[in-house]
Amino acid sequence: MSDAPNTDTAYALKSPEDSVRLYREWAETYDQTFAKATDYVLHAEVARHYALVGGFGPILDVGAGTGLCGEALRARGIGPVDGTDISPDMLEMARDKGAYRHLFEGDLLVGLHLPDGPYLGAVSSGTFTNGHVGPKGINTVLDAVRPGGWIVLAVNSQHYAAAGFAAKMDELSVSVTDFSETTVRIYGLASTGPHASDTSLLLTFRKA
C-alpha cells in the first residue's frame, strides 16, 4: 500500500483476505498510529459494560486484534481471557501483552475451533464494523458461549443500520435473553478528525 493504514482504509475492506493483508502491515504500529492517535476508547467501554452486567470468565475476546480489550478485561479482574482474530500478525502483538490464556486464528464467517470448548461469555470491540463482519457473525459468537453466558458486542452505529443488525436480533429473539442496546463513543474527547464523534451500539444479551 502506498498510504499508511488508517480508519478509512479499514472501513473500505471488502474480504477476509483484505483484512489479513491490511493488519499484516498495520500490526506493529496499530496501538500508536490508531488507538493512541485517535483516543480510541471502545475496548474500554466494552470491558466496563461486560463487568457491569456481571459477566465473568472464561471469556472469549472476538476480534482481539492487538489485545486492547483483553487488557481492559484483565484490569477489571475478569479472566481467564482467550482471544481470536483473523490476523495472525495482530495476535502476535496481543501475545506480547500477556493478558490472554490462549490466542488462536479464527474467521467468524466460517466458524471457530475452540481450544477448550464453549466459554462463559464473549465480547467484541472492533469486529462488527464497516468493512469487517456483518450480522451473520453473531451466530458464530453464540456457538462459542454456553447457555446463560453474557455477550457484549460493539457494532458501529452506521454499520448496524446499513447491514441489518436489527433484523438479525429479531431473528435471534428465541436464542437470546436480556437483550439491550447502549450507545457509546468509539473515540474519547481528545479525538479529532472526521470520525471523532462516531458511536457504537453495545448489543448486550445472554445466550438462552
Side-chain angles (χ1 to χ4, degrees), residues 6-7 10-11 30-85 90 93-94 97 99-100 108 119-135 137-138 141-142 144-145 149-163 165-166 168-169 176 178-207:
N6 56 42
T7 304
Y11 282 179
Y30 182 87
D31 286 3
Q32 293 298 316
T33 63
F34 171 68
K36 185 176 181 180
T38 64
D39 193 22
Y40 180 70
V41 298
L42 185 57
H43 59 291
E45 291 285 359
V46 168
R48 181 179 70 87
H49 206 72
Y50 188 79
L52 282 175
V53 298
F56 49 89
I59 179 175
L60 180 63
D61 180 10
V62 178
T66 61
L68 296 172
C69 194
E71 285 187 308
L73 289 165
R74 293 305 304 270
R76 291 183 173 276
I78 297 171
V81 184
D82 289 358
T84 185
D85 199 279
M90 297 289 269
M93 299 299 105
K97 290 183 168 68
Y100 294 90
L108 288 181
Y119 293 86
L120 295 181
V123 296
S124 179
S125 62
T127 295
F128 293 92
T129 189
N130 300 316
H132 289 62
V133 177
I138 297 177
V141 178
L142 278 170
V145 175
W150 279 105
I151 297 171
V152 179
L153 306 179
V155 181
N156 178 283
S157 296
Q158 291 182 339
H159 188 49
Y160 180 92
F165 279 87
K168 183 63 175 180
M169 294 314 300
V176 306
D178 302 297
F179 174 68
S180 67
E181 297 178 356
T182 305
T183 301
V184 298
R185 295 179 63 96
I186 297 176
Y187 307 100
L189 297 178
S191 184
T192 60
H195 297 288
S197 61
D198 285 5
T199 62
S200 180
L201 286 171
L202 300 187
L203 309 186
T204 304
F205 49 92
R206 303 181 82 165
K207 181 174 179 177

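Fair warning: this is a prediction, and the values are worked out from it, not measured in the lab.
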- Hey, mind stepping through Ile59 and Trp150 against side-chain contact (heavy atoms from CB on, under 4.5 Å) and telling me if it holds? CA-CA 9 Å; Ile59 179 175; Trp150 279 105; over 6 Å; no

- Gap separating the CZ atom of Phe179 from the CG atom of Leu203, nearest 0.5 angstrom: 5.0 Å

- Shortest non-hydrogen separation from Ala51 to Arg76 and the atoms involved: CB-CD, 4.0 Å

- Where is the tightest heavy-atom contact between Ala64 and Asp85, given as atom of each residue plus distance? N-OD2, 3.4 Å

- Looking only at heavy atoms, what is the nearest atom pair of Gly67 and Ala94, with distance? N-CB, 3.7 Å

- Relative to the ring of Phe165, is the ring of Phe128 parallel (under 30°), tilted (30 to 60°) or perpendicular (over 60°)? perpendicular

- Query: Within the distance-only criterion (no hydrogens, no angle test), does the side chain of Tyr50 pair as donor or acceptor with the backbone N or O of Phe56 below 3.5 angstrom?
  - Reply: yes

- Message: If I compare all heavy atoms of Gly57 with all of Leu120, which pair ends up nearest, and what's the gap?
- Response: O-CD1, 3.3 Å

- Item | Distance (rounded to the nearest 0.5 Å) between Asp198 CG and Asn156 CG | 6.0 Å

- Query: For Val123 and Cys69, what are the C-alpha separation, side-chain angles and deciding distance, and is it a side-chain contact (heavy atoms from CB on, under 4.5 Å)?
  - Reply: CA-CA 8 Å; Val123 296; Cys69 194; 3.9 Å; yes

- Distance only, no hydrogens: is a donor on one side chain within 3.5 Å (strictly under) of an acceptor on the other, for Thr199 and Ser157? yes

- Item | Partners meeting side chain to side chain contact (heavy atoms under 4.5 Å, CB included) with Val184 (sequence neighbours left out) | Leu42, Glu45, Thr182, Ser200, Leu202

- Who passes side chain to side chain donor-acceptor pair (under 3.5 Å) against Tyr100, sequence neighbours left out? Asp61

- Query: Does any non-hydrogen side-chain atom of Val155 lie less than 4.5 Å from one of Glu181?
  - Reply: no

- Counting N and O atoms only, with roles assigned by atom type, does the side chain of His159 sit under 3.5 Å from a partner on the main chain of Val133, one being a donor and the other an acceptor? yes

- Item | Close side-chain approach of Leu108 to Val141, heavy-atom, < 4.5 Å | yes

- Item | Residues in side chain to side chain donor-acceptor pair (under 3.5 Å) contact with Ser191, at least two apart in sequence or another chain | none

- Evaluate the criterion side-chain contact (heavy atoms from CB on, under 4.5 Å) for residue pair Arg206 and Val176; output intermediate values, then yes/no. CA-CA 5 Å; Arg206 303 181 82 165; Val176 306; over 6 Å; no

- Note on the structure: Output for pair (His49 NE2, Thr204 OG1), nearest 0.5 Å, gives 3.5 Å

- Item | Exercise: identify the closest heavy-atom pair between Ser124 and Val62 | OG-O, 3.0 Å

- Query: Hey, does the side chain of Lys207 reach the backbone of Leu142 with a donor-acceptor pair shorter than 3.5 angstrom?
  - Reply: yes

- Query: Is the backbone of Thr66 close enough, under 3.5 Å, to the side chain of Lys97 for a donor and an acceptor to pair up by distance?
  - Reply: yes

